[in-house]
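This report concerns only the one structure given below.
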There are 2 protein chains.
Amino acid sequence: MDAPRWLDAREARAWRGYRRMRRLLDLELARELMQDAGLSEPDYDVLSDLSETPDQRLRLSELADRMLWSRSRLSHHLARMQQRGLVTREEHPSDGRGSIVVLTPAGRAAIEAAAPGHVAAVRRHLIDLLTPEEIDALAALTQRVVDRLSGRPTATEG
Amino acid sequence: MDAPRWLDAREARAWRGYRRMRRLLDLELARELMQDAGLSEPDYDVLSDLSETPDQRLRLSELADRMLWSRSRLSHHLARMQQRGLVTREEHPSDGRGSIVVLTPAGRAAIEAAAPGHVAAVRRHLIDLLTPEEIDALAALTQRVVDRLSGRPTATEG
DNA sequence: GCAATGTGGTTGACATGTCATCAACCGTAG
DNA sequence: CTACGGTTGATGACATGTCAACCACATTGC
C-alpha cells in the first residue's frame, strides 16, 4: 500500500507505444495472412513449428509447450485444422496416451505458399523500419523479459 | 515469386523474442490483474480510458477509436461490464444515435483499486528490467511502426 | 496381478471477439 | 416534407480461447 510509482512520461510513452504497436501490427499481419494465404496466425504458427521439425511431426504436448499454448487449446485448434486437411494425428508408438501431430502434404504446401508473403509483411511493417541497433536492442530486451517470466515461478516480492 | 528475403539470425532473434515476450507478458499481467483486482485486461483498459476523461464519460465511438476496438466489440463488452455495475450508458443529448458511456462509482472504485498493482506489475515484468536507453529505443521504435500502420491505408507495393 | 495415483489428451460449457446485418438517426438535396 | 446516402450502435450467428471435468493409459507400490 505504499505510494505507487507511476510511470513517468518516457516510460509511459514506451508502454503505450508497445501496446499500440502490438494491436496494430497484429491486426495487419493477420489481415494480410488471411487474405493472401487463407491462414490465421495460429494456423501459421502451428504449421511453421511443425515444418521446422525433422520429420514434420511432433507430440502434442511438445508442440503445445513450444507454442506456449495449453494442450486444450491446441487440441481444439488441431481438430479444426485436421478437418481442413492441414494436419493429421497418429498414435504414439510406445506411449498409448500420446498423440503425434503430423503435417500433411497439403499442410506443407500451405506453409510454403504462405511463408514468403508473411515474412515480407513482417519486414515491411516491422523489421525493415528498424535500425540494426534497434533490432539488437529489441532482441536483447525481449530476451531479458522472457527469461524473467519463464525462469521464476512467480516472484512476489518487491 | 522473387527469392524471399528471409530473416537473418539477428532479425529472427528480435522477431521471436518479441512474440514470446508478447505472449508471456500478456499472460502474466492478465493473471495478476484478474487475481488481484478481478478485472480482465480489456476491462482495465475501458475503465482506465474512461477514468482519464474529464467527466468520466465518453461517446462509444470515441472510446472505441481510442482503444482501437470495433464499435461492435466495445458494445458487447460494455454490455457485460454494465451488468457488473462498472459502467452505464446515457443518451447523447443532441445526436439521437449516440450512446455515452459513463463510469459508475463502482467502476471508479474498481480502477482505483486496480491501478497501483497493475502499474507495479508492468514495472516488475517490463519497465524496470530495461535501461533508460532501451526504454527510449522502445518508445521510438514502436512509435515509428505505429505511425506507418495507422498513417497509410495499405501500402501494397514493394 | 491389482489398486492408487499421476499424466496426456479430449470434450463440453462458457467467455470473448469478429463479421454481417439491421433499425434508428443524421445531414443534405430536391 | 420527403428521399437518400452515410453513420451509430445493437444484435445474432459464428469462430476461437479458457477452464474444469473426464477418460484412457502409465506408473508406482504392494
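Keep in mind that what you see is a predicted model, and the values were worked out from it rather than measured. Every chain is numbered from 1, with letters handed out A, B, ... down the list of sequences. The analysis underlying the following values was restricted to heavy atoms, covering all of them including side chains, and did not include hydrogens, waters or symmetry mates.
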Using the rule that two of Ile, Leu, Val, Met, Phe, Trp, Tyr join whenever any of their side-chain heavy atoms come within less than 4.5 Å, decide whether B/L47 and B/V102 are in one cluster. no
With a cut-off of less than 4.0 Å, is there a side-chain N or O of A/S75 near OP1 or OP2 of C/dG9? no
Thinking salt bridges, do B/D128 and A/R148 make one under a 4.0 Å N-O criterion? no
Quickly work out the A/R73 CZ to C/dG17 P distance and round it to whole Å. 13 Å
Could you state the atom-to-atom distance from CD of A/E91 to C1' of D/dC25 in whole Å? 12 Å
Return yes if a side-chain donor-acceptor contact under 3.5 Å exists between A/R80 and A/H77, otherwise no. yes
Rounding to an integer number of Å, can you tell me how far B/M34 CE sits from D/dT18 P? 13 Å
Would you say B/R80 reaches C/dT16's phosphate, i.e. side-chain N/O to OP1/OP2 under 4.0 Å? yes
Classify the side chain of A/S99 and the base of C/dT10 as holding, or not holding, a donor-acceptor pair under 3.5 Å. no
Gap between atoms CZ and C1', on B/R71 and C/dG17 respectively (whole Å): 17 Å
Is A/E32 salt-bridged to A/R124, going by a charged N under 4.0 Å from an acidic O? yes
Kindly give the heavy-atom pair with the smallest separation between A/R71 and A/S61, and that separation in Å. NH1-CB, 2.8 Å
For residues B/L68 and A/L25: do they belong to one hydrophobic cluster (side chain heavy atoms under 4.5 Å, members Ile, Leu, Val, Met, Phe, Trp, Tyr)? yes
Would you say B/H77 places a side-chain N or O within less than 4.0 Å of OP1 or OP2 belonging to C/dG17? yes
Could you state the atom-to-atom distance from CD of B/E90 to P of D/dT8 in whole Å? 19 Å
Need to verify one output field. Residue with the more 5' nearest nucleotide on DNA chain D, A/G96 or A/W69? A/W69
Describe, in one word, how the ring planes of A/H118 and A/Y44 are oriented to each other, choosing from parallel (under 30°), tilted (30 to 60°) and perpendicular (over 60°). tilted
Which sits closer to the 5' end of DNA chain D, A/S72 or A/S94, going by the nucleotide each is nearest to? A/S72
Does the base of C/dG9 carry an N or O that pairs as donor and acceptor with the side chain of A/H76 under 3.5 Å? no
Whole Å only: how far is the NE2 atom of B/H92 from the P atom of D/dA10? 14 Å
Taking only the side-chain nitrogens and oxygens of A/R89, find out if one of them lies under 4.0 Å from OP1 or OP2 of C/dT10. yes
Over how many whole Å does the gap from B/D26 atom CG to C/dG17 atom P extend? 11 Å
Within residues 41-67 of chain B, the residues having a heavy atom closer than 4.0 Å to DNA chain D are B/R59, B/L60, B/S61
Got a donor-acceptor pair under 3.5 Å from the side chain of A/R97 to the base of C/dT7? yes
ILVMFWY cluster, B/V87 and B/I100 together (side-chain gap under 4.5 Å): no
Rounded to the nearest Å, what distance is computed from the CG atom of residue B/L33 to the C1' atom of nucleotide D/dT18? 17 Å
Pick the closest DNA chain C nucleotide for A/L78 and for A/L27 by heavy atoms, then say which residue is nearer the 5' end. A/L78
